[in-house]
Amino acid sequence: EPEVTQTPSHQVTQMGQEVILRCVPISNHLYFYWYRQILGQKVEFLVSFYNNEISEKSEIFDDQFSVERPDGSNFTLKIRSTKLEDSAMYFCASSPLSGGRNEQFFGPGTRLTVL
Amino acid sequence: KNQVEQSPQSLIILEGKNCTLQCNYTVSPFSNLRWYKQDTGRGPVSLTIMTFSENTKSNGRYTATLDADTKQSSLHITASQLSDSASYICVVSAKTDSWGKLQFGAGTQVVVTP
């Protein structure tokens with residue numbers, strides 16, 4: 001069964017460093033998302049992406065964040081200068097459809113630890 | 001502000017017993033409500049999706065109900081198994097969030113004991 005994959009599973013970085021989190025969505029899906037979950041808190045929406053551009057982003061997704069689909073398969077989240085509060089689990093999701101009853105399929109997550 | 005509230009925060013049940021989890025939401029205008037299961041350290045996995053016109057939806061031993069008038073939903077787990085131990089998250093989508101933005105509840109942590 002097709003699934004969303006994410007790499008790495010765990011990333012440790014120093015404050016101020018750039019990190020790139022990678023995701024491979026399900027191959028025939030058109031809509032892509034990033035969410036984050038700070039330890040012990042709710043999952044929070046970061047950004048949605050369609051047709052090679054951001055379709056919606058939350059207030060969390062500031063100028064330090066960017067997303068890209070560099071080729072036909074990968075979907076990346078870049079944090080330009082990490083802060084301690086960026087430590088969280090980051091989930092990528094993809095969907096064949098948008099809105100309505102679209103079902104989003106989540107990856108296993110990347111645990112980002114900023115020291 | 002759009003919110004999704006779940007109760008209880010956690011519960012412990014004996015294997016084979018049933019349990020019901022609650023979700024109240026203020027997300028408006030309502031589009032759909034989903035229940036996800038999230039194992040520790042893993043991504044959420046969809047159990048059910050319900051729109052305004054659907055009152056109940058089952059997926060195996062999981063049955064979700066929706067009352068769009070009172071903005072309440074429940075998830076009933078029948079004959080619980082040890083593998084049901086997980087966080088169960090209520091997730092609501094608004095019609096205005098056409099690009100699939102989901103509003104997550106904090107989840108109910110379920111522990112099934114032998």
Side-chain angles (χ1 to χ4, degrees), chain A residues 1 3-6 9-10 21 23-26 29-51 53-61 67 88-112, chain B residues 1-7 9-10 23-27 29-54 57 59 62 64 66 68 86-109:
Chain A
E1 185 173 336
E3 57 183 19
V4 176
T5 59
Q6 291 185 242
S9 57
H10 191 186
L21 310 183
C23 168
V24 178
I26 294 173
H29 286 187
L30 301 176
Y31 300 87
F32 313 113
Y33 313 87
W34 283 102
Y35 294 85
R36 81 171 185 190
Q37 185 176 29
I38 295 171
L39 187 64
Q41 297 186 22
K42 299 180 182 183
V43 175
E44 301 172 288
F45 169 81
L46 291 178
V47 66
S48 58
F49 190 87
Y50 169 71
N51 200 27
E53 60 183 27
I54 290 173
S55 42
E56 188 173 5
K57 60 183 180 179
S58 72
E59 58 274 10
I60 302 169
F61 194 89
V67 290
M89 196 78 165
Y90 288 81
F91 294 106
C92 172
S94 70
S95 171
L97 302 169
S98 177
R101 296 174 61 87
N102 85 79
E103 181 169 1
Q104 294 185 23
F105 295 82
F106 285 77
T110 292
R111 180 168 299 284
L112 176 65
Chain B
K1 183 179 178 181
N2 288 333
Q3 289 194 331
V4 180
E5 301 292 336
Q6 293 187 241
S7 62
Q9 192 172 35
S10 63
C23 174
N24 297 316
Y25 62 91
T26 59
V27 177
F30 175 79
S31 175
N32 59 72
L33 183 145
R34 312 138 191 256
W35 282 93
Y36 279 88
K37 178 184 179 186
Q38 185 178 23
D39 293 311
T40 302
R42 306 290 297 175
V45 175
S46 179
L47 295 175
T48 63
I49 300 176
M50 289 184 292
T51 58
F52 185 90
S53 59
E54 295 173 299
K57 182 76 71 79
N59 178 359
Y62 301 103
L66 173 65
S87 179
Y88 290 84
I89 308 175
C90 178
V91 183
V92 184
S93 177
K95 284 183 181 176
T96 47
D97 292 327
S98 57
W99 294 103
K101 174 183 175 182
L102 303 179
Q103 305 271 0
F104 285 74
T108 292
Q109 188 68 43

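Worth saying up front: this structure is predicted, and the values here are computed from it rather than measured. In what follows, chains are A, B, ... by sequence order, proteins preceding strands, each numbered from 1. We use all heavy atoms of the structure for the numbers below, so side chains are in, but hydrogens, waters and symmetry mates are not.
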- Of all the heavy-atom pairs spanning A:Lys42 and B:Ala106, show the shortest one and how long it is.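 Result for this residue pair: CG-CA, 3.6 Å.
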
- What heavy-atom pair brings B:Gly43 and A:Phe91 nearest, and what distance separates the two atoms?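 Smallest interatomic distance, heavy atoms only, reads CA-CE2, 3.3 Å.
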
- Task: Could I get the full list of side chain to side chain contact (heavy atoms under 4.5 Å, CB included) partners for B:Ser46, not counting sequence neighbours?
- Result: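 For B:Ser46 the side chain to side chain contact (heavy atoms under 4.5 Å, CB included) partners, ignoring immediate neighbours, are A:Glu103, B:Tyr36, B:Ile49.
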
- Region of A:Gln37 in contact with chain B, defined by heavy-atom distances below 4.5 Å: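 When you check distances to chain B, only side chain atoms of A:Gln37 fall under 4.5 Å.
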
- Query: Got a sec: does the NZ of A:Lys57 have more than 12 other heavy atoms crowding it under 6.0 Å?
  - Reply: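 Counting neighbours around NZ of A:Lys57, 12 or fewer heavy atoms of other residues, nucleotides or ligands fall under 6.0 Å, so no.
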
- Item | Interatomic spacing from OH in A:Tyr35 to CG in B:Leu102 - rounded to 0.5 Å |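 It is 3.5 Å, given to the nearest 0.5 Å.
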
